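See structure below.
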Number of protein chains: 2
Amino acid sequence: MQLGEGVEWALHAVVVLAVVPSDSTLPAARLAEYHGVPPAYLAKHLQALSQAGIVESVAGRRGGYRLARPAAAITVLDVVQAVEGSAPAFRCTEIRQRGPAAVASREYRAPCSITKVMRAAEAAWREQLASVSVLDLVIEVAGAASPVAIRKSSAWMQEVVR
Amino acid sequence: MQLGEGVEWALHAVVVLAVVPSDSTLPAARLAEYHGVPPAYLAKHLQALSQAGIVESVAGRRGGYRLARPAAAITVLDVVQAVEGSAPAFRCTEIRQRGPAAVASREYRAPCSITKVMRAAEAAWREQLASVSVLDLVIEVAGAASPVAIRKSSAWMQEVVR
DNA sequence: GTCCCTATACTCGGATAGCAAGTGTCCGAGTATAGGCGG
DNA sequence: CCGCCTATACTCGGACACTTGCTATCCGAGTATAGGGAC
């Protein structure tokens, strides 16, 4: 099992967007530059966030991205599912209904026990991610970062935000 | 994110092996036949289980696979990690240390907050899977299956177990 | 009748192709801006 | 001086190649067995 690299980028991008004034925008190219990642590919993931209603895009000369909702109303799970999809990681193909020991389909009314366990684990995973908002992340990041790093980031943001 | 199909097969296979008498073995081909899956491919995943010490292989004329430990001492997490690997699903590439706002590496002593959240969620996932043993699965499956299905499976097993 | 030897058939194990999804990139459609022009 | 119009430059959005890892398969190495032969 492996999450796409875009998940990491999207989470960092959302944290940065959370500190952008709500009446301004930040172009995808600036976000990519800030994180040192390929601009075109990050744009692809930002599209996913846009379609999920997490960020909103502003077109035109002074366009860019901004959060569509307050940071406190966006969970980490929202971001992860927007990029990675919301399909379960465990795929049950009902192999218990195949092979020589299979019986009529109507006999399998109870859900597959194995699937139940896997689904429960995924639910716990999602619950953890849903318990943390983007605002929580911003507070956490700001608290853990060194003063010099915060100063440098602020200076950069003053530079690019319009 | 998506788990490999082999995880499902391995879990079902382990459940079947759990009801095989401990002095007998079940060849991979029979397991594949029971579940209606490609024999060669299932064998590949059984190798992974073997290397992880979950099942043990017996070579030769009357060889096959059997559990290497009591079913109660094997967790679902053991099986999943044996097949899928134990690497974290979320990959942190430390992109916070890149780009124009980066500072000296020694300033990033605190772990990445985003990574912490993702790791915590994965820990919850693993905890759930570790709380269920293969024996639990067997009991659950046996309790949920219809009587006719159990009879048919037992008959098949009497046939193939040697 | 018993023991040993050999040939056999069956098992696992790793090395080998094919394919789908993630990765990475590009160019076109659309829009707010900025400057110039006319009134 | 003010308002309008047009050209521009910049933005997002979706369509297009490429690489990695999952899917699927095969054949070779090794071993316990079963049968036959010798004692």
Side-chain angles (χ1 to χ4, degrees), chain A residues 1-10 13 17 20 23-33 35-66 68 80 83-85 87 89-91 93 95 160-162, chain B residues 1-10 13 17 20 23-33 35-66 68 80 83-85 87 89-91 93 95 160-162:
Chain A
M1 180 184 49
Q2 207 154 304
L3 271 69
E5 203 170 8
V7 173
E8 182 187 10
W9 301 0
L17 287 177
V20 169
D23 56 350
S24 304
T25 63
L26 199 58
R30 296 290 159 276
L31 271 171
E33 165 189 326
H35 292 113
V37 297
Y41 193 27
L42 177 62
K44 187 179 182 63
H45 294 302
L46 288 174
Q47 283 179 34
L49 292 178
S50 178
Q51 289 179 358
I54 292 173
V55 303
E56 63 184 6
S57 63
V58 177
R61 188 99 167 61
R62 298 180 63 178
Y65 286 99
R66 74 164 75 103
V80 172
V83 174
E84 203 69 13
F90 180 81
R91 293 170 287 176
T93 58
I95 63 176
V160 300
V161 162
R162 298 162 299 186
Chain B
M1 180 184 51
Q2 207 154 299
L3 273 70
E5 204 170 7
V7 173
E8 182 187 10
W9 300 1
L17 287 178
V20 169
D23 56 350
S24 305
T25 63
L26 200 57
R30 295 289 159 278
L31 270 171
E33 164 188 326
H35 293 110
V37 298
Y41 192 28
L42 177 63
K44 186 177 183 63
H45 294 303
L46 288 174
Q47 282 180 35
L49 292 178
S50 178
Q51 290 179 357
I54 293 173
V55 303
E56 62 183 9
S57 62
V58 177
R61 186 97 167 66
R62 296 180 65 178
Y65 286 99
R66 75 165 76 102
V80 172
V83 175
E84 201 70 14
F90 180 80
R91 293 170 287 178
T93 58
I95 63 176
V160 299
V161 163
R162 299 164 298 186

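Naming convention: chains lettered A, B, ... in sequence-line order (proteins, then strands); numbering from 1 in each chain. Predicted model only: the values in this text are computed from it and were never measured.
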Sugar-phosphate only, base, or nothing, as touched by B/Ala28 at under 4.0 Å among non-hydrogen atoms: sugar-phosphate
Closest approach of A/Pro27 to A/Gly63 (non-hydrogen atoms, all atoms of both residues): CG-O, 3.9 Å
Listed nucleotide nearest any side-chain atom of B/Arg62, set D/dG13, D/dT33, C/dT25: D/dT33
Closest heavy-atom pair and its distance - A/Leu46, A/Ala13: CD2-CB, 4.4 Å
A/Thr93 side chain to B/Glu8 side chain, donor-acceptor N/O pair below 3.5 angstrom: yes
Heavy-atom pair of closest approach, residues B/Val83 and B/Ala10: CG2-CB, 3.6 Å
Residue pair B/Tyr65 / B/Leu26, side-chain heavy-atom distance below 4.5 Å: no
Detail all sub-3.5 Å separations between protein N/O atoms and N/O atoms belonging to nucleotides 26-28 of chain D.
none

Which pairs, protein N/O on one side and nucleotides 17-23 of chain D N/O on the other, fall under 3.5 Å?
from: D/dT23; atom 1: OP1; to: A/Arg91; atom 2: NH2; distance (Å): 3.3
from: D/dT23; atom 1: OP1; to: B/Glu5; atom 2: N; distance (Å): 3.1
from: D/dT23; atom 1: OP2; to: B/Tyr41; atom 2: OH; distance (Å): 3.1
from: D/dT23; atom 1: O5'; to: B/Tyr41; atom 2: OH; distance (Å): 3.3

Spacing between A/Leu26 atom CG and D/dC10 atom P, to the nearest angstrom: 16 Å
Non-hydrogen side-chain atoms of A/Val37 and A/Leu31 separated by less than 4.5 Å: no
Short side-chain N/O contact from A/Ser57 to OP1 or OP2 of D/dG13, under 4.0 Å: yes
Rounded distance in Å - CZ (A/Arg61) to P (C/dG35): 9 Å
Rounded interatomic separation in angstrom, taking CG from B/Leu42 and P from C/dT11: 14 Å
Nucleotide nearest A/Pro38 (side chain, heavy atoms from C-beta), chosen from C/dG13, C/dT25, D/dC12: C/dT25
Closest heavy-atom pair and its distance - B/Gly53, B/Ala68: O-CB, 3.5 Å
Donor-acceptor contact below 3.5 Å, side chain B/Thr25 vs main chain B/Val58: no
Closest listed nucleotide, where the reference is the side chain of A/Trp9 and the choices are C/dG14, C/dA9, C/dG24: C/dG24
Presence of B/Thr25 side-chain N/O under 4.0 Å of C/dT11 phosphate oxygens OP1/OP2: no
Note: A/Arg66-A/Glu56 ion pair, threshold 4.0 Å (strictly below): yes
Interatomic spacing from CG in B/Leu3 to CE in A/Met1 - rounded to 0.5 Å: 5.5 Å
Within-4.5 Å side-chain heavy-atom neighbours: A/Arg91 and B/Gln2: yes
Difference in axis direction between the ends of the helix from C/dG1-D/dC39 to C/dG39-D/dC1, five pairs, 10°: 10°
Options C/dA34, C/dC12, C/dG14, nucleotide nearest the side-chain atoms of B/Gln51: C/dG14
